[in-house]
Amino acid sequence: MAQPAKTKAKQQIDEYNKKKRLESQPPKKQGYDQDSDGRAWSFEYDFIENGKKGIIVLKLSDAASNQNWEARFDEATYVDPSKEYDAMHKVFNDKNVAFKCGFDKESGGTWIEFRQDAILRYVFRLKPTSK
């Protein structure tokens with residue numbers, strides 16, 4: 001007996017599941033991620049000496065739209081930003097780390113997550129920067 005044709009709802013569910021599977025695949029190289037909306041993300045981080053403790057700066061940019069986002073963390077966020085930066089540095093530079101980015105259309109901000117050997121290590125929310 002012939003199989004019935006897929007219903008439109010079933011096709012939409014299949015397409016959604018396929019998209020989610022593709023989104024969950026790790027990026028091809030660290031420092032770059034491209035999502036299904038065509039955004040081409042790149043990530044940078046730095047430590048700025050500022051008095052006794054310093055500031056961690058995370059920057060995210062999208063080459064497709066020329067948009068930039070940034071987050072800064074000081075002793076109000078981490079007891080010792082210098083030590084936290086050293087810990088982040090080890091994670092960010094591990095060859096087994098994948099990062100994934102997303103865009104929040106309501107706030108205009110972004111989020112970025114880092115997974116090391118499939119374990120979530122960091123999630124950050126970044127705000128748009130002015131040009």
Side-chain angles (χ1 to χ4, degrees):
M1 183 187 271
Q3 294 287 329
K6 285 186 177 180
T7 66
K8 188 170 183 167
K10 175 70 172 141
Q11 287 174 336
Q12 289 174 336
I13 291 170
D14 289 347
E15 287 174 19
Y16 174 81
N17 289 336
K18 180 179 178 182
K19 182 180 175 185
K20 286 298 175 191
R21 278 195 305 276
L22 290 174
E23 288 175 355
S24 68
Q25 294 176 357
K28 297 203 179 338
K29 64 180 181 176
Q30 183 167 348
Y32 173 83
D33 186 27
Q34 186 163 4
D35 67 17
S36 59
D37 292 336
R39 292 185 181 275
W41 303 105
S42 64
F43 171 75
E44 296 176 30
Y45 65 100
D46 197 6
F47 186 79
I48 299 172
E49 296 290 336
N50 182 20
K52 192 174 178 181
K53 302 274 184 168
I55 299 171
I56 300 168
V57 180
L58 306 179
K59 294 181 181 181
L60 188 64
S61 62
D62 172 30
S65 69
N66 249 356
Q67 291 179 294
N68 299 292
W69 298 266
E70 183 176 286
R72 291 175 174 250
F73 305 102
D74 58 15
E75 61 273 354
T77 310
Y78 296 108
V79 174
D80 188 342
S82 177
K83 279 188 178 180
E84 189 61 33
Y85 177 83
D86 291 342
M88 287 178 183
H89 182 73
K90 288 177 185 176
V91 171
F92 296 164
N93 287 297
D94 186 321
K95 67 179 182 173
N96 296 318
V97 169
F99 85 93
K100 187 169 183 72
C101 306
F103 181 68
D104 182 352
K105 292 178 182 171
E106 288 182 24
S107 72
T110 59
W111 55 265
I112 182 169
E113 71 177 29
F114 292 86
R115 292 184 180 272
Q116 186 177 33
D117 299 317
I119 299 168
L120 183 63
R121 293 296 193 185
Y122 291 101
V123 176
F124 301 104
R125 303 221 180 276
L126 294 90
K127 296 179 182 178
T129 58
S130 57
K131 293 187 176 192

Exercise for review: Determine the minimum heavy-atom distance between K100 and W111, stating which atoms define it.
Suggested key: O-CZ3, 3.4 Å
Check your understanding: Side chains of Y122 and M88: closer than 4.5 Å at any heavy-atom pair?
Key -> yes
Practice item. Give the minimum heavy-atom separation between E75 and P81, together with the two atoms involved. Key: N-CG, 3.6 Å
Check your understanding: Is there a path from L58 to F47 through hydrophobic residues (I, L, V, M, F, W, Y) whose side chains come within less than 4.5 Å of each other?
Key -> yes
**Study point:** N/O donor-acceptor pair under 3.5 Å between K53 side chain and S82 backbone
**Key:** no
Point to revise | Validation row: R72, I48 side chains within 4.5 angstrom (heavy atoms) | key: yes
Study note, to complete from the structure: Residues N68 and S61: closest non-hydrogen pair is OD1-CB, 3.0 Å
Check your understanding: How about E113: does its CD atom have over 12 heavy atoms from other parts shown lying under 6.0 Å from it?
Key -> yes
Practice item. Measure centre to centre between the rings of Y45 and Y85, then say whether the value is under 6.0 Å. Key: yes
**Study point:** C101 to L60 - nearest heavy-atom pair and separation
**Key:** SG-CD1, 3.7 Å
Practice item. Please check if atom NZ in K59 has more than 12 non-hydrogen atoms from other residues, nucleotides or ligands closer than 6.0 Å. Key: no
Check your understanding: Centres of the F43 and F124 rings: under 6.0 Å?
Key -> no
Review point. Is there a side-chain contact between E70 and V57 (heavy atoms, below 4.5 Å)?
Key: yes
Check your understanding: Of all heavy-atom pairs between G109 and P128, which one has the smallest distance, and what is that distance?
Key -> CA-CD, 4.1 Å
Check your understanding: Does the pair W41 and T110 meet the rule for a side-chain contact (heavy atoms from CB on, under 4.5 Å), with working shown?
Key -> CA-CA 10 Å; W41 303 105; T110 59; 3.7 Å; yes
Review point. Sub-3.5 Å donor-acceptor pair from the side chain of D94 to the main-chain atoms of N96, do we have one?
Key: yes
Review point. Honestly curious: do W69 and I55 fall in one hydrophobic cluster under the side-chain, below-4.5 Å linking rule?
Key: no
**Study point:** R121 vs V97, side-chain contact (heavy atoms from CB on, under 4.5 Å): CA-CA, chis, key distance, verdict
**Key:** CA-CA 9 Å; R121 293 296 193 185; V97 169; over 6 Å; no
